Amino acid sequence: PLSFPCFYPPFPPFFPLPFSPFFFRIMPLKLYTYPNNSRAAKGLIAAQYAGVQVEVASDFVMGKTNKSDEFLALNPLGKVPTLEVTDAKGNKSGVFESNAIARYVSRVGKKANNLFGATAEEEGLINSFIDLTVGEIDLPAAAWLYPIKGYIPQNEAATKAAKKDIRGVLTTLNNHLATRTFLVGERISLADIVVACSLHDLYVHVLDNGFRKQFVHTNRWFATLTAQAEFRA
Ligand SMILES: N[C@@H](CCC(=O)N[C@@H](CS)C(=O)NCC(=O)O)C(=O)O
């Protein structure tokens, strides 16, 4: 009788073996970021929900690694987060912009559909919320937080305008969440992950009790999400 190993085809295998990286057709994913980056968290949290393994580059040095020729080949902007992806032939390329990384991770995941909703309409709405973060949250958040972190000089007028914009988007989200547990549909989606990550640094650094008390529904939604194991991992 044939011994056990002889049931396997000769290498290279004709079909993916369970221990081969080709088995799930998901090649290794390596995320370049500095620690505790809320933009990187979008992809890392999506990976938890989607069942995707993402390795965080352990030797990353901000300002050095991201300016190397090797890194610029992955992301010509030289910014993080950047996700190194490897295709089935072993070619490496970069996915950059945190929302694009979160979408990529969700798409290659085994449970991809869950994060993009159940229907085309839900997916459209999920993408609407993801896209609104760029101009409606990230931009004023940077104007408010960057002077505090010392990245740019203080500018009173810009900070005032940023606070007004953040109050505006929190009002919109609060009204939307008054009758909903999650932003879209009945379960967590990529919209919740991306919007919560965009709001994260604001909640941690500047949204004091006085500011946030008018946004009870947004606060409840944010607390629900950030208590989930996938967010805490
Ligand atoms: N819109 C981008 C922003 C990326 C970004 O600005 N990253 C900063 C760190 S949070 C960076 O890498 N800056 C380095 C540089 O500008 O040289 C995203 O969401 O990924």
Side-chain angles (χ1 to χ4, degrees), residues 29-50 52 54-85 92-109 115-116 126-155 158-159 161-162 165-166 169-170 173 183 188-207 222 225-226 230-231:
L29 301 176
K30 189 171 177 181
L31 188 70
Y32 291 89
T33 180
Y34 54 85
N36 302 319
N37 179 353
S38 57
R39 297 183 205 273
K42 298 173 185 176
L44 291 171
I45 295 167
Q48 292 288 325
Y49 283 100
V52 175
V54 177
E55 174 203 345
V56 177
S58 57
D59 49 356
F60 178 80
V61 180
M62 186 65 179
K64 192 169 169 225
T65 312
N66 56 312
K67 300 302 167 191
S68 68
D69 289 345
E70 208 180 357
F71 188 95
L72 293 172
L74 298 176
N75 178 354
L77 297 173
K79 293 187 177 189
V80 291
T82 291
L83 186 70
E84 182 184 87
V85 304
K92 292 185 189 311
S93 56
V95 177
F96 51 94
E97 287 296 318
S98 54
N99 293 349
I101 293 170
R103 285 188 173 106
Y104 177 89
V105 168
S106 307
R107 179 150 191 263
V108 297
L115 288 178
F116 281 124
I126 289 164
N127 275 319
S128 306
F129 278 102
I130 293 173
D131 285 352
L132 77 74
T133 59
V134 179
E136 308 287 333
I137 303 177
D138 295 347
L139 208 59
W144 191 351
L145 293 170
Y146 283 7
I148 295 170
K149 293 182 179 182
Y151 298 161
I152 56 172
Q154 285 284 354
N155 178 326
T159 303
D165 289 349
I166 293 296
V169 74
L170 285 175
L173 291 172
L183 287 173
I188 189 160
S189 75
L190 201 55
D192 299 295
I193 296 170
V194 168
V195 175
C197 287
S198 279
L199 290 173
H200 177 268
D201 289 3
L202 290 165
Y203 264 104
V204 169
H205 296 293
V206 289
L207 300 187
F222 187 79
L225 292 177
T226 50
E230 290 84 350
F231 270 75

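As the structure is a computational prediction, the values presented were derived from the model and not from experiment. Numbering of ligands and ligand atoms starts at 1, following listing order.
In this structure, atom 16 (O) of ligand 1 lies nearest to the protein heavy atom Lys79 CE, 3.4 Å. When only non-hydrogen protein atoms are considered, atom 8 (C) of ligand 1 lies nearest to Val80 O, 3.7 Å. For atom 20 (O) of ligand 1, the nearest non-hydrogen atom of the protein is Ser98 N, 2.9 Å. Here the heavy atom of the protein found nearest to atom 1 (N) of ligand 1 is Glu97 OE1, 2.7 Å.
Only the side chain of Arg39 comes within 4.0 Å of ligand 1, judged by heavy-atom distances. The residue Phe96 has no part lying near ligand 1, judged by heavy-atom distances below 4.0 Å.
The shortest N/O to N/O separation between Lys67 and ligand 1 falls below 3.5 Å. The shortest N or O to N or O distance between Met62 and ligand 1 is not under 3.5 Å. Taking any N or O of Tyr34, backbone or side chain, none lies under 3.5 Å from an N or O belonging to ligand 1.
From Ser189, atom OG reaches atom CG of Asn127 across 9.5 Å, with rounding to the nearest 0.5 Å. If you take NZ on Lys149 and NE2 on His205, they are separated by 4.5 Å, rounding to the nearest 0.5 Å. The distance from the NZ atom of Lys79 to the CE atom of Met62 is 9.0 Å, given to the nearest 0.5 Å.
Within the 4.5 Å cutoff, the side chain of Phe60 has heavy atoms near those of the Val80 side chain. Within the 4.5 Å cutoff, side-chain heavy atoms of Leu173 are placed close to those of Leu199. Contact annotation: the side chain of Leu74 never approaches that of Phe96 to less than 4.5 Å [non-hydrogen atoms, C-beta and beyond].
Close approach of ligand 1 to Pro81 is summarised as follows: ligand atoms under 4.0 Å from at least one heavy atom of the residue are 20 (O).
Classified by interplanar angle (parallel below 30°, tilted 30° to 60°, perpendicular above 60°), the ring pair His200/Phe222 is tilted.
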